[in-house]
Amino acid sequence: MFKLPLDVTYESLKKELLQIPHADLLGMAVALALVGIAAAYLYYNKKPKGSLNPEKFTEFKLVKKTQISPNTAKFTFALPRPTSVLGLPVGKHILCRGKDSQGLEVIRPYTPITLDSHVGYFELVVKMYPKGRMSHHFRGMREGDNLPVQGPKGRFKYKTGQAQAFGMLAGGSGITPMFQLIRAILENPKDKTNVHLIYANVTLDDILLKKEIDAFASKFPNSFKVYYVLNQPPVGWNGGTGVISKEMIQSHCPAPAPDIQILRCGPPPMNKAMAAHLKELGYKPEMQFEF
């Protein structure tokens, strides 16, 4: 670091500067200005370092647990600092570690519903099944508890403009990776991708994130469409009934084309059935992805 001599005075410094040619002074000024501009650019545009480690588990504190329904809750976890980001690319997921009812270690994948535009925290929406091993761990979590997390993980990574349109086939808690992608697309003004979601559940109360999904559909009517399917619909239901059929896909998803992709995420039997439907409808393997 440059330091002035201890005996320097204003007059002596002024005398030295006056002896420097004007051209040299101008060059020094330009150089200093460029350095300042470069430093400012790097400071304001550098990507924050993520809080995840792909090789080992990192613990994050649960700061809020919000019960959404009798078997579903939203878990908010604090990141190391208020300005920290999780560092999870869109399309990726994390691994969460806990203990089942027998005290045995269990690891399961989950997709946060927040993005790296949300600083200082991340959120998981978890449906807790009666006999689910990781469900037992989440059900017992209290505010102040820590959750070991590892990531990023997964084969899918989204890049703006990689498809003209997405068709999404989701079942139950399989909505979370879809919601992450929907949010990333719709909250980015530069992303012109169209999204068509078919979301299947047993009952109306089983629909996760319905309020948020409906808000997106209302705010972005030209770029986002949603079609709900219920196995046990209430009286007066005007959505789909039963399970996702080939005809529903044909009516509510973009037709096969090189610039479209169909994503699916749900229970194994559903994924298998959807793969068969898509094949019959002419969607090539490169047009499909299963989370």
Side-chain angles (χ1 to χ4, degrees), residues 65-75 90-96 98 100 106-114 122-139 141 153-156 166-183 195-217 224-234 237-246 248-249 252-253 261-278 288-291:
K65 181 177 179 179
T66 306
Q67 205 71 29
I68 297 174
S69 72
N71 62 356
T72 305
K74 180 170 68 176
F75 297 80
V90 176
K92 300 290 187 182
H93 63 263
I94 57 177
L95 296 179
C96 299
D100 64 13
V106 56
I107 297 173
R108 291 287 185 270
Y110 290 89
T111 303
I113 62 168
T114 43
F122 72 94
E123 293 179 335
L124 297 175
V125 169
V126 180
K127 188 171 184 177
M128 292 160 283
Y129 299 92
K131 296 182 179 180
R133 296 180 64 203
M134 194 67 191
S135 294
H136 171 82
H137 183 85
F138 275 110
R139 195 159 37 240
M141 286 196 76
K153 301 290 181 180
R155 298 175 292 117
F156 188 87
F166 282 108
M168 298 180 174
L169 310 175
S173 55
I175 189 62
T176 53
M178 308 298 188
F179 184 83
Q180 180 204 53
L181 181 54
I182 291 167
R183 182 174 229 170
V195 181
H196 305 259
L197 170 66
I198 302 179
Y199 184 22
N201 284 277
V202 177
T203 70
L204 185 62
D205 291 337
D206 291 324
I207 300 177
L208 302 181
L209 299 165
K210 188 176 188 300
K211 180 181 177 182
E212 291 83 353
I213 293 170
D214 289 346
F216 279 141
F224 177 58
K225 310 289 185 184
V226 58
Y227 183 70
Y228 296 108
V229 180
L230 296 180
N231 191 258
Q232 299 174 15
W237 175 250
N238 57 5
T241 301
V243 296
I244 299 176
S245 66
K246 186 171 61 175
M248 290 177 188
I249 297 173
H252 298 281
C253 283
Q261 282 189 291
I262 304 295
L263 312 178
R264 60 181 183 266
C265 187
M270 173 190 157
N271 287 332
K272 185 177 179 180
M274 294 306 101
H277 290 336
L278 294 172
Q288 306 176 42
F289 184 86
E290 180 180 310
F291 284 101

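Residues take their numbers from the sequence shown, with the count starting at 1. Note that the coordinates shown come from a computational prediction; the quantities given were computed from them, not determined experimentally.
Summarising the geometry of Pro267 relative to Gly171, their closest heavy-atom pair is CD-O, 4.1 Å, with the distance given to 0.1 Å. A pairwise comparison of heavy atoms in Met274 and Ile244 identifies CE-O, 3.3 Å as the closest pair. The two residues Gln180 and Lys92 have their closest heavy-atom pair at NE2-O, 3.4 Å. Smallest separation of non-hydrogen atoms from Asp100 and His136: C-CD2, 3.3 Å. When all heavy atoms of Leu169 and Ile249 are compared, the pair lying nearest together is CD1-CD1, 3.9 Å. The minimum heavy-atom distance between Pro177 and Thr111, with the atom names listed, is CA-CG2, 3.8 Å.
Judged by distance alone, the side chains of Thr203 and Asn201 never bring a donor and an acceptor atom under 3.5 Å apart.
The side-chain heavy atoms of Leu204 and Trp237, taken from C-beta on, include a pair separated by under 4.5 Å. Looking only at side-chain heavy atoms (C-beta outward), Phe216 and Leu209 stay at 4.5 Å or farther from each other. Two residues are said to be in side-chain contact when any heavy atoms from C-beta on lie closer than 4.5 Å; His93 and Phe291 fail this criterion. Between Tyr228 and Ile213 the shortest side-chain heavy-atom distance falls below 4.5 Å. Side-chain contact between Met134 and Cys96 is present, with at least one heavy-atom pair separated by less than 4.5 Å. Side-chain contact between Val195 and Leu181: absent, with no pair of heavy atoms (C-beta onward) separated by less than 4.5 Å. Between Val243 and Asn231 there is a side-chain heavy-atom pair separated by less than 4.5 Å. The side-chain heavy atoms of Ile182 and Met168, taken from C-beta on, include a pair separated by under 4.5 Å.
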Going through the checks in order, is the side chain to side chain contact (heavy atoms under 4.5 Å, CB included) test met by Glu212 and Ile113?
-> CA-CA 11 Å; Glu212 291 83 353; Ile113 62 168; 5.9 Å; no

Does the side chain to side chain contact (heavy atoms under 4.5 Å, CB included) test come out yes or no for Leu208 and Ile68, once each step is laid out?
-> CA-CA 9 Å; Leu208 302 181; Ile68 297 174; 6.0 Å; no

Step by step, would you call Ile94 with Phe122 a side chain to side chain contact (heavy atoms under 4.5 Å, CB included)?
-> CA-CA 11 Å; Ile94 57 177; Phe122 72 94; 4.1 Å; yes

Tyr110/Phe138 under ring pair (Phe, Tyr, Trp, His ring centres under 6.0 Å): CA gap, chis, key distance, verdict | CA-CA 12 Å; Tyr110 290 89; Phe138 275 110; 5.1 Å; yes

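A distance-only check finds a donor-acceptor pair linking the side chain of Tyr199 to the backbone of Gly172 [under 3.5 Å]. Proximity of a side-chain donor or acceptor of Asn71 to a complementary backbone N or O of Met128 within less than 3.5 Å is not detected. In this structure, the side chain of Lys65 engages the main chain of Arg139 through a donor-acceptor pair within 3.5 Å. Judged by distance alone, the side chain of Thr176 and the main-chain N or O of Ser173 form a donor-acceptor pair under 3.5 Å.
Between the CD1 atom in Ile207 and the OG atom in Ser69 there is a gap of 11.5 Å [rounded to 0.5 Å]. The distance from atom CZ of Arg108 to atom CG of Leu95, rounded to the nearest 0.5 Å, is 10.5 Å. How far OG1 of Thr66 is from CD of Glu123: 7.5 Å, rounded to the nearest 0.5 Å. Once rounded to the nearest 0.5 Å, the distance linking OG1 of Thr114 with CZ of Phe179 reads 9.5 Å. The distance from atom CE of Met248 to atom CD1 of Ile198, rounded to the nearest 0.5 Å, is 7.5 Å.
Using cut-offs of 30° and 60° on the angle between ring planes, the pair His252 and Tyr227 is parallel. Under the 30°/60° scheme for interplanar angles, the aromatic rings of Phe156 and Phe289 are found to be tilted.
Atom NZ of Lys272 is surrounded by 12 or fewer heavy atoms from other residues, nucleotides or ligands within 6.0 Å.
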